[in-house]
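Have a look at the structure below, then the notes.
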Amino acid sequence: MMIYDSLTRQKRPFEPIVSGHVSIYVCGVTPYAESHLGHARPAVLWDVIKRYFIRRGFLVHHVQNFTDIDDKIVARAQELGISVTDLAERHMKEYTDAMNQLRVLPPDYAPRVTENVTPINQFIEELINKGKAYSTPAGDVYFRVDQSPGYGRLSGRQVEDQRVGVRIESSEDKEHPADFALWKSSTAGDPGFPSPWGRGRPGWHIECSVMASRYLGPQFDLHGGGIDLIFPHHENELAQSEAYWGVSPARCWVHNGLITHGSIKMSKSLGNGISLRELLDRVSPMALRTYLLSVHYRSPLDFSQDALLDWSRGMARVWDLYERVKDVGSPSERLDQPWAQRLESFEERLLATLDDDFNTARALAEIYEMVRDVHQGEAAGHAATAYGWARINLLKADQVLGILPLPATVNDPVAHDEILAELLSWRQEARQDKDFATADRIRVVLAQAGWTIEDTPSGPRLVSREDL
RNA sequence: GGCGACGUAGCCAAGUGGUAAGGCAGGGGUCUGCAAAACCCCUAUGCCCCGGUUCGAAUCCGGGCGUCGCCUCCA
């Protein structure tokens with residue numbers, strides 16, 4: 001099992017700290033606004049990673065935080081005239097709902113900054129005691145970057161090389177321009193928490209150092225997040241945790257590439273962000289999920305509606321096959337024909353592709369090749385065996401990748417169903433009487449209602465493709 | 001200015017030394033009253049360009065060109 005580590009910039013064999021266990025910390029969202037498509041990528045990726053480890057027999061501990069207090073949340077809540085709690089709560093729920101639709105398994109813990117202020121303060125105090133941080137007369141606390149020997153090694157940059165840009169916080173009583181805040185004092189009207197340095201709130205990076213170690217211990221296996229978090233967030237987190245614990249927090253840093261739109265990074269400020277909620281109203285969640293997995297996680301994914309729709313057309317074939325085979329029995333015969341052998345060993349190949357740095361794109365290709373083998377078996381006169389394997393293999397793929405739509409919970413009004421059924425049987429009668437003009441008129445009527453008729457050997461079937 | 005990523009068929013995309021996966025679109029076919037769906041077959045002598053290393057390179061090295069990301073909040 002090989003995983004690319006951003007710190008050493010190479011694929012390395014995965015060696016868990018505790019044999020048979022894998023501990024994962026993923027940086028979650030700051031719920032100050034609606035979730036956009038970019039948030040879905042790491043969520044789906046880590047969901048697959050988790051499912052993969054579980055299938056490989058690991059016990060998984062997964063923590064993903066909510067940064068439910070920060071400058072943006074405060075600003076946005078004031079703008080809307082609501083409390084920061086209400087604002088954060090609303091967007092956390094939206095996020096969670098979207099994740100459920102995408103079939104993302106919830107983390108074992110989803111800690112919030114506001115529930116960890118005391119441990120954060122203790123952590124900061126200890127850093128001050130160790131001489132790694134200092135408080136200022138204004139009630140802020142900063143981390144001393146020059147007391148952190150390896151600072152910059154994760155992001156591959158040196159403090160001196162950085163562009164001398166305009167620093168937003170100008171009233172600095174920092175010792176060094178690169179020092180960053182562990183604790184920020186709150187002004188009168190702002191939300192804040194008591195602390196040894198006065199009322200204030202945690203800086204941006206400290207919460208992850210504290211919560212990761214609180215829930216997973218000083219060192220854990222995998223640390224995830226978007227590639228845009230490498231600097232400053234993870235660089236600073238690494239420095240803090242190392243200063244406190246004396247060890248690097250994560251054994252392996254896993255960063256996903258960003259989603260772009262028109263080749264530009266998706267972001268609210270540029271106005272090219274796509275609302276996850278709106279997108280999920282328009283497209284099938286499983287089409288979106290598998291589309292996100294169709295590109296290797298470290299590459300940028302340039303989103304386009306057309307590419308998503310093209311992709312979902314392909315997945316529809318897989319879903320159709322599953323519909324056809326979901327109730328068939330398990331194979332009873334063992335055959336030495338190549339297609340049968342490949343169907344038997346499908347899951348091994350699937351897991352083997354994921355062994356190599358979670359190559360989900362190739363894993364999806366394996367599914368299509370498996371589907372072709374099913375048809376070969378069918379053509380060879382072994383339909384029952386082929387379909388049996390199709391059912392098993394699609395479920396196995398689903399277990400790890402999550403590819404099948406959830407069972408529909410739509411309950412059309414009975415009257416609606418009856419009308420459709422009546423029209424269909426009317427058309428069948430017309431067809432038997434060779435009255436094709438009438439039959440085709442009925443087809444047009446149904447088409448206008450959004451239904452496509454598929455005449456299968458076992459009779460006509462209505463298909464609605466509007467959700468693709 | 002510093003650091004980094006990427007450039008594979010009409011489109012999306014895998015592939016890090018051994019002779020180009022997969023999907024969509026397109027073409028041909030089977031089935032069908034016609035369609036739709038499904039299935040089968042075909043579709044890159046070539047992987048941004050130019051050099052180099054090698055028996056052999058999309059894959060390694062050097063130099064270009066182009067696109068993007070981070071250096072400020074960001075998944």
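Note on naming: letters A, B, ... go to the chains in the order of the sequence lines (proteins, then strands), and numbering restarts at 1 for each one.
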The salt bridge (charged side-chain N to carboxylate O under 4.0 Å, His left out) partners of A:Glu378 (sequence neighbours excluded) come to none
Once salt bridge (charged side-chain N to carboxylate O under 4.0 Å, His left out) is applied, do any residues pair with A:Arg441, and if so which ones, sequence neighbours excluded?
none
Output field: ring centroids A:Phe14/A:Phe53 closer than 6.0 Å
yes
Under 4.0 Å between a side-chain nitrogen and a carboxylate oxygen: does that hold for A:Asp310 and A:Arg313?
yes
Please determine whether a side-chain nitrogen of the Lys or Arg among A:Asp140 and A:Lys174 lies less than 4.0 Å from a carboxylate oxygen of the Asp or Glu.
no
Going by number, which of residues 370-381 of chain A have a non-hydrogen atom under 4.0 Å from RNA chain B?
A:Arg372, A:His375
Which residues, if any, of residues 422-433 of chain A bring a heavy atom under 4.0 Å of RNA chain B?
A:Arg427, A:Arg431
Would you mind telling me which of B:A75, B:C70, B:C73 lies closest to the side-chain atoms of A:Val29?
B:A75
Is A:Tyr368 stacked on the base of B:G22, meaning ring centres closer than 5.5 Å and planes within 30 degrees of each other?
no
Does any N or O donor sit under 3.5 Å from an N or O acceptor when you compare the side chain of A:Asp440 with the base of B:G33?
yes
Please list all pairs passing the salt bridge (Lys or Arg N to Asp or Glu O under 4.0 Å) test where one or both residues lie in residues 95-104 of chain A, with sequence neighbours left out.
A:Lys93-A:Asp97, A:Arg103-A:Asp398
Between protein and nucleotides 12-15 of chain B, what N or O pairs are separated by less than 3.5 Å?
| unit_1 | atom_1 | unit_2 | atom_2 | d |
| --- | --- | --- | --- | --- |
| B:A14 | OP1 | A:His296 | N | 2.8 |
| B:A14 | O3' | A:Asn359 | ND2 | 3.0 |
| B:G15 | OP1 | A:Asn359 | ND2 | 2.9 |

Within the 4.0 Å heavy-atom criterion, would you say A:Ser155 contacts the bases, only the backbone, or no part of the nucleic acid?
sugar-phosphate
Would you say A:Glu422 has more than 12 foreign heavy atoms packed within less than 6.0 Å of its CD?
no
